[in-house]
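Report on one structure; see the data block that follows.
Below, each value reflects all heavy atoms present in this structure, side chains not excepted, and no hydrogens, waters or symmetry copies. By convention here, the first residue in the shown sequence is residue 1.
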Amino acid sequence: MKQSIGHITLVVNDYDEAIAFYTKKLNFELLEDSYQAEQDKRWVVIAPPGSQGVSLLLGRASTPEQQASVGNQTGGRVFLFLKTDDFWRDYKQMTARGINFVREPAEQEYGTVAVFADLYGNLWDLIQYKD
């Protein structure tokens, strides 16, 4: 049997503000943005440039329970890991674009890592693994 995870849903307040943040601040690519009339919602898929793996499905919060999870989908833990082939290039670009790093870069035995918050407060690792 062969299986893989295709998408991870990221609950957001608004499709357009989330698309703007991820494409302009993090340089992600907008892979799909289509209206689903039968459910009155959009199917919005984004991914880092050159990504061959999992993509993010932006899901607009539509209930009070979903709204409560925006920005806190994992109870304050790092939620997503953005792997890079050049940590310092991406770190410098991201800080220039106003990304809020909540933990400064650190050299670990496994690689170079820093923690940043997205527009809603979800925590991400920016990480370059050692070879």
(request) If you link ILVMFWY side chains whenever their heavy atoms are less than 4.5 Å apart, which other residues fall into the same cluster as Met1? By chain and number, please. (result) none

(request) Give the other cluster members for Tyr35, using side-chain heavy-atom distances under 4.5 Å between Ile, Leu, Val, Met, Phe, Trp and Tyr residues; answer none if it is isolated. (result) none

(message) Test: salt bridge (Lys or Arg N to Asp or Glu O under 4.0 Å). Region: residues 53-79. Which pairs qualify, not counting sequence neighbours?
(response) none

(message) Would you say CD of Glu38 has more than 12 non-hydrogen atoms from neighbouring residues, nucleotides or ligands within 6.0 angstrom?
(response) yes

(message) Please say yes or no: joined through hydrophobic side-chain contacts below 4.5 Å, possibly via intermediate residues, are Trp88 and Ile99 part of one cluster?
(response) yes

(request) Taking all non-hydrogen atoms of both residues into account, name the closest pair between Met94 and Leu126 and its distance. (result) SD-CD2, 3.8 Å

(request) State plainly whether one hydrophobic cluster holds both Leu26 and Leu80, where clusters connect Ile, Leu, Val, Met, Phe, Trp and Tyr through side-chain heavy atoms under 4.5 angstrom apart. (result) yes

(request) Taking ring-ring contact (aromatic ring centres under 6.0 Å, His included) as the test, write out the residues that go with Phe101, two or more places apart. (result) Tyr91, Phe116

(request) Would you list the pairs meeting salt bridge (Lys or Arg N to Asp or Glu O under 4.0 Å) in which at least one residue belongs to residues 92-103, sequence neighbours left out? (result) none

(request) Go through the structure and list residues passing salt bridge (Lys or Arg N to Asp or Glu O under 4.0 Å) with Asp125, not counting sequence neighbours. (result) none

(request) Could you tell me which residues satisfy salt bridge (Lys or Arg N to Asp or Glu O under 4.0 Å) with Asp85, sequence neighbours excluded, listed by chain and number? (result) Arg89

(request) Indicate the atoms forming the closest heavy-atom contact of Lys25 with Gly98, along with that distance. (result) NZ-CA, 4.4 Å

(message) For Ala68, give me all partners under side chain to side chain contact (heavy atoms under 4.5 Å, CB included), at least two apart in sequence or on another chain.
(response) none

(message) Suppose we screen for ring-ring contact (aromatic ring centres under 6.0 Å, His included). Which residues come up paired with Tyr120, at least two apart in sequence or across chains?
(response) none

(request) Give the intermediate values and the outcome of side-chain contact (heavy atoms from CB on, under 4.5 Å) for residues Leu82 and Asp90. (result) CA-CA 10 Å; Leu82 182 58; Asp90 292 346; over 6 Å; no

(message) Could you see if Leu119 belongs to whatever hydrophobic cluster contains Val78? Use Ile, Leu, Val, Met, Phe, Trp, Tyr and a side-chain cutoff under 4.5 Å.
(response) no

(request) Would you name the heavy atoms of Asn122 and Trp124 that are closest together and state the gap between them? (result) O-CD1, 3.5 Å

(request) Could you tell me the separation between the CD1 atom of Ile127 and the OH atom of Tyr110, rounded to the nearest 0.5 Å? (result) 5.0 Å

(message) My understanding is that only residues two or more places apart in sequence, or in another chain, count here; which of them pass side-chain hydrogen bond (donor to acceptor under 3.5 Å, both in side chains) with Gln93?
(response) none

(request) Could you state whether Val113 and Leu123 fall into the same hydrophobic cluster, counting links through intermediate Ile, Leu, Val, Met, Phe, Trp or Tyr residues with side-chain heavy atoms under 4.5 angstrom apart? (result) no

(message) Would a single hydrophobic cluster contain both Val70 and Ile8, if residues Ile, Leu, Val, Met, Phe, Trp and Tyr are joined by side-chain heavy-atom contacts under 4.5 Å?
(response) yes

(request) State, to 0.1 Å, how close Phe87 and Thr112 come at their nearest heavy-atom pair, and which atoms those are. (result) CD2-CG2, 3.5 Å

Donor-acceptor list for residues 46-58 side chains, cut-off 3.5 Å, not counting sequence neighbours:
{"unit_1": "Ser51", "atom_1": "OG", "unit_2": "Gly53", "atom_2": "N", "d": "3.4"}
{"unit_1": "Ser55", "atom_1": "OG", "unit_2": "Gly6", "atom_2": "O", "d": "3.4"}
{"unit_1": "Ser55", "atom_1": "OG", "unit_2": "His7", "atom_2": "ND1", "d": "2.7"}

(request) Using side chain to side chain contact (heavy atoms under 4.5 Å, CB included) as the criterion, list what pairs up with Asp33, not counting sequence neighbours. (result) Ile19, Leu30, Arg42, Val44

(request) Please name the pair of heavy atoms, one in Thr74 and one in Phe79, separated by the smallest distance, quoted to 0.1 Å. (result) CG2-CD1, 3.1 Å

(message) Has Gln66 got a side-chain atom pairing as donor or acceptor with Val11's backbone, closer than 3.5 angstrom?
(response) no

(request) Determine the minimum heavy-atom distance between Lys130 and Glu109, stating which atoms define it. (result) CD-O, 3.4 Å

